[in-house]
Amino acid sequence: MSAIESTLVENRVFPPSDATVKAARISGMAAYEALCQEAERDFEGFWARLARGNVQWTKPFTKTLDESDAPFYKWFSDGELNASANCLDRHMGTAVENKTAIIFESDDGKVTQVTYKELLARVGQFANALKAQGIAKGDRVVIYMPMTVEGVIAMQACARIGATHSVVFGGFSAKSLQERIIDAGAVAVVTANYQMRGGKELGLKSIVDEALALGGCETIRSVIVYQRTATACNMVAGRDKTFDEVLAGQSSECKPEPVNAEHPLFILYTSGSTGKPKGVQHSTGGYLLWAKLTMDWTFDIKPQDLFWCTADIGWITGHTYVAYGPLAAGATQLMFEGIPTFPHAGRFWQMIEKHQVSVFYTAPTAIRSLIKAAETDEKVHPKNWNLSSLRILGTVGEPINPEAWMWYHRNVGGERCPIVDTFWQTETGGHVITPLPGATPTIPGSCTLPLPGIMAAIVDEAGHDIPNGSGGMLVIKRPWPSMIRTIWNDPDRFRKSYFPEEMGGKLYLAGDGAVRDAKTGYFRITGRIDDVLNVSGHRMGTMEIESALVGKTDLVAEAAVVGRPDDLTGEAICAFVVLKRPRPTGEEAKKIANELRNWVAHEIGPIAKPKDIRFGDNLPKTRSGKIMRRLLRSIAKGEKVTQDTSTLENPAILDQLSETN
Ligand code: 6R9
């Protein structure tokens, strides 16, 4: 049985313990249902109440939701606030002021700490440095940084002066970085000389240099370089400055710039169905509300908690649950620079014990790889560490298979910790369908129920409701505060991708397939329904990889990319390639496949490397010339092709493409 199939028949139920329910902020299902009913009864009043209670406004809003230009919804649109003030200044003069904001553990295990007061001063000083570089409200700043406190400081400093940040994950290539710089029209790049991962020092600034040398980035006026390691890097006179240089002489006091609630806090690029990544634009007010609210609702965060989200700040999870949410909630969080398997695959468990982590949030792919490691080496099994500080576990990024869920529950959570399987997307800004730890009985593999006020449903292609028990497309029927506002530079694509006319133009289309259980009404996500792959929780567009492959013009004539299930990474990338030379076999095929893998890593980043590359004289096409992707998906899975191939131009090609290299 495949992982997805086994998810569909799962029926073990794990209710939270009485003690957990009693201590929780949303205590029991009746409390959850009361919030849902409040939202149903008075949708705008509900959100207005929460936005007033959870966000500090410099100018209070009077209008909650503006639907006049739907689907370009506006929330709290006459209100003003500053996101950084809501994460830092709001805690001054309270018990949180001298509390540790971030405990940082470096790749090599060094621990440093920063209090809220210190973080405010460092953010203020860096914000002043940005201003001194001529960066102002409304400018875009690209942040290409490793997991460091300085990365969070850079994001918060942008927010403080009203500059819109666009963080690019440190694993992306020069070309990906260049494309994002150009699309965002960024005026500056904040980066580091190197990043440390798994004991290796990897160049970051060199990739920025390469990106800028590719051309088209004339908007960039300055590159600000954090010296993460002592090793020197190339510095371009007039353009490049170190952190120390820009910080020198700057005051640590910087008045936060009030911005409109709809002011773009950030743009984060993510993969869609077509070639070009989409710049998902988020607001300030609605986004910040969500970051704070979901820390309270989903993680039930308490003053004494130690929160650890393992996501990189280059992904949405690292935005909402590292850079903004924990700070807005006044929590102490652990931040980790390295990788889960260095120096050994027990690193996460060791860190949980060492720092007494109480709320732990990671990805199914990490869990699966640590299960595998623990099965082969007893010494890295979680049982070797005392994990009794844990009280809540979370997962995000992809469906979690029940086997991994059960292992997490038993071996990490000691059968005591609720698991919140949080479904959400770059576009949703934060959790939308998730259990609440002190209310929702959990079922392995199910993200359970929508948060109060999230009108999630399952519909058919015309947008009509589908009865529980049958699969369909996941939609959200009403807007919510932290939703994507538009695609940067491409409002048309925003409308077409997320509010398709065929479905009436009013439903937010998530792009995932889902089923609601006939009995419980619980949601299970069955995976993407578009041409987006999810490899180790990272979103990759098949077209993006295809265009990288055909970009190797001396070698590749045609390429088609599909996903296939993978026990470890959830999905694996499988590429079918037609070369501009005779079809290679044996050693030659292996060699060329490797060459192409490295090429894709160079074009997009190592995460986009196809696991499997197969060569054919041609691709299976219909007589009208369409590539039959469904067939390719079966071949990639190693299935016998049972589909009707009578419309196929060249059926003999299927045997060729079944051969692996
Ligand atoms: C937060 C994040 C979004 C896609 C989403 C879906 C998958 C995320 C999930 C999940 C099943 C969960 N996804 N969480 N699938 N259960 N709990 O991951 O954002 O990188 O934009 O990816 O990830 O397919 O559509 P993003």
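Reckoned from all heavy atoms, side chains included, excluding hydrogens, waters and symmetry mates. Sequential numbering from 1 along the given sequence is applied to the chain's residues. Atoms within a ligand are numbered from 1 in the order they appear, just like the ligands themselves.
- For a heavy-atom separation below 4.0 Å, the residues in contact with ligand 1 are I316, T317, V396, G397, E398, P399, D421, T422, F423, W424, Q425, T426, D512, I525, R528, N534, R539.
- More than 12 heavy atoms of other shown residues, nucleotides or ligands fall within 6.0 angstrom of atom CG in N489.
- Residues K292 and Y324 have side chains not in contact (no heavy-atom distance under 4.5 Å, counting atoms from C-beta outward).
- E179 has no carboxylate O lying under 4.0 Å from a charged side-chain N of K278, or vice versa, which leaves the two without a salt bridge.
- When the side chain to side chain donor-acceptor pair (under 3.5 Å) test is applied to N534, no partner is found at least two apart in sequence or on another chain.
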Which atom pairs, one a donor and one an acceptor, fall under 3.5 Å between side chains of residues 462-471 and the rest of the protein, sequence neighbours left out?
{"residue": "D465", "atom": "OD1", "partner": "K477", "partner atom": "NZ", "Å": "2.9"}
{"residue": "D465", "atom": "OD2", "partner": "K477", "partner atom": "NZ", "Å": "3.0"}

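- T362 is linked by a side chain to side chain donor-acceptor pair (under 3.5 Å) to T310, counting only residues two or more places apart in sequence or in another chain.
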